[in-house]
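Please read the structure below before turning to the comments.
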Protein chains: 4
Amino acid sequence: MRAAIAVIAEAGYLKASFSRIAKHAGLSSTGMISYHFAGKDDLLAACVTEIEEITGAFMQPRIDAAVGHVAQLRAYVEANVDLVGEHPAEVRALIDLIKNAGSRSDAVNGRLALFEEHFRTGQAAGAFGTFDARTAALSFTSGLDAVVATAAADVPEPAELARIGRELADLYVRATAPESTGESE
Amino acid sequence: MRAAIAVIAEAGYLKASFSRIAKHAGLSSTGMISYHFAGKDDLLAACVTEIEEITGAFMQPRIDAAVGHVAQLRAYVEANVDLVGEHPAEVRALIDLIKNAGSRSDAVNGRLALFEEHFRTGQAAGAFGTFDARTAALSFTSGLDAVVATAAADVPEPAELARIGRELADLYVRATAPESTGESE
Amino acid sequence: MRAAIAVIAEAGYLKASFSRIAKHAGLSSTGMISYHFAGKDDLLAACVTEIEEITGAFMQPRIDAAVGHVAQLRAYVEANVDLVGEHPAEVRALIDLIKNAGSRSDAVNGRLALFEEHFRTGQAAGAFGTFDARTAALSFTSGLDAVVATAAADVPEPAELARIGRELADLYVRATAPESTGESE
Amino acid sequence: MRAAIAVIAEAGYLKASFSRIAKHAGLSSTGMISYHFAGKDDLLAACVTEIEEITGAFMQPRIDAAVGHVAQLRAYVEANVDLVGEHPAEVRALIDLIKNAGSRSDAVNGRLALFEEHFRTGQAAGAFGTFDARTAALSFTSGLDAVVATAAADVPEPAELARIGRELADLYVRATAPESTGESE
DNA sequence: AATGAATGAGACTTCATTCAT
DNA sequence: AATGAATGAAGTCTCATTCAT
């Protein structure tokens with residue numbers, strides 16, 4: 001079962017057949033997988049849930065610790081990039097799953113809606129400037145995924161990860177900053 | 001043959017089997033496809049090339065017409081979003097191909113390198129601020145793809161496309177802007 | 001165990017897998033079925049026996065009450081059709097079992113031999129005319145099953161069942177009647 | 001393709017898997033069967049059609065040659081039994097297919113409707129007596145199948161087949177004969 | 001250039017059965 | 001008496017590829 005995640009991380013969504021997963025799990029046949037899960041979708045959904053629990057445990061405290069919309073955006077981005085150092089396989093698998101589940105997945109849509117809402121409330125609070133919250137959410141979640149996926153493909157030192165996270169957060173913070181006046185919140 | 005592009009656009013990379021393509025092309029057998037192309041990779045590579053020609057014809061003039069690093073970045077982004085209105089099927093197909101080809105594809109790497117180089121030279125010229133060119137290139141190309149893919153899935157009015165393009169370009173321009181002083185170049 | 005009969009009646013012999021039966025029986029595993037029965041054949045044979053007891057309890061008294069070969073033939077046919085009104089599920093299941101067990105089953109061969117013997121002794125007693133007892137037995141038992149199966153698929157009113165039974169019995173009685181002379185026995 | 005019919009005849013509907021058919025046809029894999037037929041249902045439907053052509057070629061002339069409702073009924077029954085001598089495998093296969101297709105099949109319902117209609121028009125013409133046409137049709141088609149199936153399981157001499165056919169036809173003719181008066185038509 | 005048939009591998013799923021607990 | 005996990009086989013189906021015609 002963790003085998004499924006491992007296989008997706010190693011071989012990718014496309015190659016993650018029941019055979020491969022069964023072999024990785026030390027099972028002698030694919031029958032057991034069908035026995036435990038209603039179908040491939042069910043298995044993959046279970047994997048997503050499992051991974052989200054793991055990643056949430058790592059990221060959520062750091063996000064919650066941040067105060068203010070801008071700081072939270074930065075915390076999210078940096079935590080997500082740092083996550084690669086802790087759970088590279090899970091990250092690889094999740095991003096592959098997200099990529100191939102497309103817009104059907106709750107995982108994608110949930111995060112997208114979260115970002116959009118965060119931008120909107122932040123704009124109302126004066127923490128962010130004027131921009132299309134939806135476009136920003138779309139672009140930044142996907143961009144974040146790409147950076148994370150690249151990092152996960154060949155995991156760098158923690159320091160390098162931290163630097164990348166900071167860089168990326170800088171970009172997003174700058175892109176969403178209020179126009180002219182000084183600080184806010 | 002254009003059929004392949006159409007099928008990928010409609011059914012997606014995963015479902016784009018030789019059978020499906022042959023049927024869409026009016027061929028009664030998949031043999032012809034294997035006859036013309038060395039294999040599936042070859043066919044897909046040919047599709048990428050074909051689509052890039054089409055999209056290049058639309059985008060390149062607009063990019064070339066822009067003067068200065070910032071304007072070119074904006075031109076690229078806006079042209080790419082507007083492209084959805086002109087060639088939605090090709091855009092859908094190309095993005096699906098890119099997504100599934102991963103980092104093996106020249107198309108991805110080429111564009112990535114192009115962006116990175118553009119950022120670097122722009123920084124040297126003072127057009128852009130200080131940031132990690134590679135991280136920005138990764139994040140922005142993928143973010144752009146996501147916005148474009150979403151637009152292509154349900155093509156909006158040209159005016160709306162233009163607005164989205166402008167919004168996205170604004171974000172990227174702001175994220176990469178020089179720190180304090182006014183204009184440059 | 002009654003669950004097996006119910007499942008066969010509802011889903012048919014083909015779909016009556018251990019899983020389905022276990023689920024219908026409120027069992028969480030198929031293991032128990034294998035524990036109680038030597039194999040699938042054993043289970044099905046047990047079902048046949050069980051059903052035959054139930055149907056026998058309904059039919060036998062009516063057959064025994066009839067006097068004379070002709071009356072007994074009529075009683076058997078009519079009782080069998082009326083049985084549908086009392087135990088539709090059991091009837092459905094039994095017929096499905098008979099159909100799929102083919103000529104291996106004792107149930108089929110027993111009834112066939114019974115009919116054949118009944119015709120032969122009836123012919124000797126002058127109750128029936130001249131005809132091939134075996135052919136008649138074969139044709140009439142199967143014909144009876146077909147009528148019963150059709151009735152069991154969509155159970156009609158008791159009155160309608162009685163009518164069908166009478167009609168069918170009429171046909172069989174007429175087909176087996178002595179040539180010219182009047183009554184017999 | 002004829003292989004499918006042969007396998008059904010030999011091993012029965014239940015065991016007629018693609019593997020078995022492929023092996024019998026000299027094919028190295030089951031892929032070809034799926035290539036030619038949309039699915040199992042499609043293949044079986046094709047078999048039914050094929051067999052019906054063969055049997056129709058044998059039976060139809062003999063039925064058409066008969067004059068009057070009674071003679072046609074007799075001709076149908078006798079031709080069907082004699083058919084076993086000519087095409088035992090096809091007969092075995094068709095009956096197995098009919099048995100397992102149940103009431104979904106056009107083959108079953110078509111013949112049933114044919115018999116029912118024949119009885120009804122014959123009754124109107126005075127060729128048959130008073131009885132429920134539907135019940136008779138159901139019983140006699142199934143009874144005929146049973147006799148034919150038994151004969152096909154262990155094909156007897158042509159003379160014996162002819163005798164069985166005559167016996168069965170006698171039964172059905174007698175069962176459906178007009179009440180008292182002499183000949184008709 | 002095109003067809004139609006064939007191949008071999010692999011996909012997901014279901015089944016009857018076994019067994020330790 | 002019951003559970004839950006495992007097995008191994010078989011089932012239908014799809015795929016990319018090959019090849020004679």
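Each chain gets a letter, A, B and so on, in the order the sequences are listed, and its residues count up from 1. Below, each value reflects all heavy atoms present in this structure, side chains not excepted, and no hydrogens, waters or symmetry copies. Predicted model only: the values in this text are computed from it and were never measured.
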Tell me the interatomic distance from Asp42(B), atom CG, to dT17(F), atom P, rounded to whole angstroms.
10 Å
Pair of N/O donor and acceptor under 3.5 Å linking dA5(F) base with Tyr35(A) side chain
yes
For Ala25(A) versus Ala3(A), what's the shortest heavy-atom pair and its separation?
CB-CB, 3.5 Å
Given that Ser29(A) and Ser28(C) both sit by DNA chain F, which one's nearest nucleotide is further toward the 5' end?
Ser28(C)
When Gly26(D) and Phe37(C) are each assigned the nearest nucleotide of DNA chain E, the 5'-most assignment goes to Gly26(D)
With nearest nucleotides of DNA chain F determined for Lys40(D) and Thr30(C) from heavy-atom distances, which residue corresponds to the more 5′ nucleotide?
Thr30(C)
Side chains of Met1(A) and Phe37(A): closer than 4.5 Å at any heavy-atom pair?
yes
What nucleotide, of dA16(E), dA5(E), dA2(E), holds the atom closest to the side chain of His36(B)?
dA2(E)
Looking only at side-chain N and O atoms, does Ser19(C) come under 4.0 Å of OP1 or OP2 in dA16(E)?
no
Listed nucleotide nearest any side-chain atom of Ser17(A), set dC13(F), dC12(E), dA16(F):
dC12(E)
Mate of dA10(F) where both pairing distances stay under 3.5 Å, Watson-Crick or G-U
dT13(E)
Rounding to a whole Å, what distance do you find between Phe18(A):CZ and dA10(F):P?
21 Å
Return the OG1 to CD distance between Thr55(C) and Glu50(C), rounded to the nearest 0.5 Å.
10.5 Å
Counting heavy atoms from C-beta on, name the nucleotide in dT3(E), dA6(F), dT14(E) closest to the side chain of Leu27(B).
dT3(E)
Within a reach of under 6.0 Å around NZ of Lys40(B), are more than 12 heavy atoms found that belong to other residues, nucleotides or ligands?
yes
